[in-house]
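Notes follow once the structure below has been shown.
Any value given below was found using the heavy atoms of this structure, including those in side chains, with hydrogens, waters and symmetry copies removed.
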Amino acid sequence: MTRAYNPWVMLRWALLALLIAFVVCPFIWMVSISFKPEQEVFSKTLSILPRNPTLANYQMIFDFVPYPRFFMNSMIVAIVSTVCSLVASTLAGYSFSRFRYKGRSSLAFLVLSTQMFPLVTGIIPLYLVFSKLGLINTYWALFVAYVAFTIPFCTWMLKGFFDTIPREIEEAAVIDGCSRLEVLVRIVLPLSIPALVATSVFCFILSWNEFLYATVLTTSNDVRTLPAALGIMIGQGYTQWGGLNAAGVLTTLPVIIVFVFFQRYLVDGLTAGATKG
Amino acid sequence: MSALEVKGLRKSFGPVDVLHGIDIEITDGEFVALVGPSGCGKSTLLRTIAGLETVTGGAILIGGRKVNDVAPKNRDIAMVFQSYALYPHMTVAENMSFSLRLKRLPKAEIDGRLRRAAEILGLTELLQRLPKQLSGGQRQRVAMGRAIVRDPVVFLFDEPLSNLDAKLRVQMRAEIKELHQRLRTTTVYVTHDQVEAMTLADRIVVMHSGHIEQLGTPLELYDRPQTIFVAGFIGSPSMNLMDGTLRRAGGGSELMLPSGPVIGLPHLSVDADGVEVTFGIRPEHLSVSREGVPATVNIVEPTGAETLVNCRIGEQSVSVVVRDRQPINSGDTINLKFEGATVHLFDRTTGQRIG
């Protein structure tokens, strides 16, 4: 019997196809709507390809909504959060991986345990703290929030990777004349590029996509990020579906670009700790 | 002047004492091997000399200067690791010149030293390659090159050949010996392979559970091991060691094995009668003859140049090396000649040599 006719293989492919459809269909639908004129969006006959394709929706989000402002806000927040989180996690991960000190493992576990709480539980306390500090509706609120919830995952991911780098390489560098920090910068980090890229992509996508904190902690268009901005485009009575989906497409694009560009590193990085002996 | 001196060195990891007062003095240009079974503290001793481990007690002097609290990079040493520990993201040239670049030496001098070291080790063609593009032996050579360019007072080798296959190991062993004869840099070489130690070293330090068992030239250790441990450790195949009672017999003596058989030693005169001893004789000092102590052949292992015969005298297992090709088969009874051979006697309780 050839493999192609094996019913289990067929079933597996069918299941995979179903899953892919489940993930991809909303995207296709979003792209489709973004090119449709308004009357076609609400028409009773479903069509994937727009009958009268138009760029009016894209025109609209630039004319009536400060889309470039939102885009810039998102970029600033995502990039700054990623850089801060990466610096802190690198140092923390290296410390957990290499140094022996009292309370090291409990501290590492404590960092990990913050991942057990749903994000939503933090929103009210964080809001109260930020409003006391006068940070509501500033970039700082988002920086702090995003860095706080990406650090634990990044720390553990980088710790896992650092664990796979042989100690002897670092000892050789110490004998060659490196200080601890030089060992990290000149030897460990260059060897960790796949893990660093994977970790940054994770941070970037998480900060870029985050909706809940962005909605609660920002109140004006000056600092509002794309997901929050998309959220307020859904009106109570009337929603500009065409414009919303056009903005959705433009919001998703950077993430897709980042992902495609670094995909190889991302898969390498996620599996590196597990397989590289 | 001594290049390296270790005085009463002690090292503990928490409550565990790993080194209990080590004293070694190594003269300039000497090649010293540290051997012992795993866990004997030889690697810890080397790492303490390198400065990768702190000192619990005692002192380390390199070139007459106490270096207990000196950072590894300022100790004027270079180390070659078992796993080579090359920097994977740097080329051979970058690997070798890394320490010089950290010291910010002038570029011309770095290039000069790099070229000389590469020539000595035959790496000139490979300078632009990455470590992953090299074979095991080439990587080992780069690791040595990294040490040579620094021109240190002491080379430290931590089991540098353990990762190589048997044939390459013999080849690299010869290269290391040649290198040492050429550079005459003081070398401390850790290995668990006593053959490596015997062939390379001017002097060998045999270590056992954190103590020095014996320190001497390879042939001193082979000819006059001071303890049962050294007797069993140095030499391949290893020395036959048998417990028994030594009695006077005529002008000589005889050894009574617990299982009954008596081995006559007419050439060996002893003072005391009826002493409990551990008796040692090397397989190559025994011979098969028409007369002698009868033994039953257990296993015959021909290696070409010689044949190792494992046999039994009573319940005592004994190995013999036979140089000429004799028709000996498993199950045969042969006679072993002990007369005239070099024998070693050890006190059974203290393990120390008594004759």
Side-chain angles (χ1 to χ4, degrees), chain A residues 86 90 93-95 97-106 158-200 262 264-265 268-269 271-277, chain B residues 13-14 43 46-54 67 70-91 94-105 130-132 139 142-150 152 154-160 162-163:
Chain A
L86 208 62
T90 300
Y94 187 70
S95 156
S97 168
R98 284 295 191 260
F99 299 130
R100 296 283 167 272
Y101 45 88
K102 226 179 158 123
R104 182 183 65 100
S105 50
S106 11
L158 289 173
K159 175 198 177 294
F161 192 84
F162 294 152
D163 285 344
T164 67
I165 296 177
R167 251 162 217 275
E168 285 193 337
I169 292 183
E170 293 183 42
E171 288 174 347
V174 167
I175 288 181
D176 269 349
C178 284
S179 66
R180 263 292 176 183
L181 199 63
E182 279 176 315
V183 170
L184 181 65
V185 173
R186 285 171 171 267
I187 308 293
V188 176
L189 292 187
L191 295 179
S192 311
I193 288 172
L196 292 173
V197 169
T199 313
S200 333
F262 292 113
R264 190 172 59 85
Y265 282 116
D268 275 0
T271 56
T275 55
K276 237 177 96 181
Chain B
F13 290 108
S43 277
L46 193 79
R47 292 169 57 82
T48 318
I49 296 170
L52 295 171
E53 304 287 352
T54 55
V67 293
V70 176
K73 62 172 174 174
N74 297 324
R75 290 191 178 197
D76 218 352
I77 47 130
M79 186 156 168
V80 177
F81 292 86
Q82 180 180 352
S83 65
Y84 325 129
L86 301 180
Y87 313 123
H89 58 299
M90 295 187 196
T91 63
E94 286 166 342
N95 261 287
M96 285 169 61
S97 62
F98 188 60
S99 63
L100 307 179
R101 286 184 284 133
L102 283 174
K103 274 197 219 160
R104 302 190 189 287
L105 291 188
L130 285 172
K132 66 177 173 198
R139 284 180 204 183
V142 176
M144 290 198 281
R146 202 164 57 178
I148 290 173
V149 292
R150 303 184 60 182
V154 183
F155 278 145
L156 306 175
F157 286 87
D158 190 4
E159 309 214 10
S162 304
N163 280 9

Next on the checklist: Is Leu156(B) in contact with chain A via its backbone, its side chain, both, or neither, using a 4.5 Å heavy-atom distance?
Outcome noted: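 Leu156(B) has no heavy atom closer than 4.5 Å to chain A.
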Next on the checklist: Less than 4.5 Å to any heavy atom of chain A: does that hold for the side chain of Arg75(B), its backbone, both, or neither?
Outcome noted: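 When you check distances to chain A, no heavy atom of Arg75(B) falls under 4.5 Å.
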Checklist entry - Is it the backbone or the side chain of Glu182(A) that comes under 4.5 Å from a heavy atom of chain B, or both, or neither? => result side chain
Checklist entry - Given that the side chain runs from C-beta out, which part of Arg167(A) has a heavy atom under 4.5 Å from chain B: side chain, backbone, both or neither? => result neither
Checklist entry - Would you say Ile193(A) and His89(B) make side-chain contact, with heavy atoms under 4.5 Å? => result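 No; the side chains remain at least 4.5 Å from each other.
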Checklist entry - Do you know which of Asp176(A), Ile175(A), Ile169(A) has the most heavy-atom pairs with chain B at a distance under 4.5 angstrom? => result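 Between Asp176(A), Ile175(A), Ile169(A), the count favours Asp176(A).
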Checklist entry - Is it true that a side-chain atom of Glu168(A) and a backbone atom of Ser83(B) form a donor plus acceptor pair closer than 3.5 Å? => result yes
Next on the checklist: Pair Met79(B), Glu171(A) - check side chain to side chain contact (heavy atoms under 4.5 Å, CB included), show working.
Outcome noted: CA-CA 9 Å; Met79(B) 186 156 168; Glu171(A) 288 174 347; 5.9 Å; no
Checklist entry - Rounded to the nearest 0.5 Å, how far does OH of Tyr87(B) lie from CZ of Arg186(A)? => result 10.0 Å
Next on the checklist: Using 0.5 Å steps for rounding, measure from the NZ atom of Lys73(B) to the OG atom of Ser179(A).
Outcome noted: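 One gets 6.5 Å once the value is rounded to the nearest 0.5 Å.
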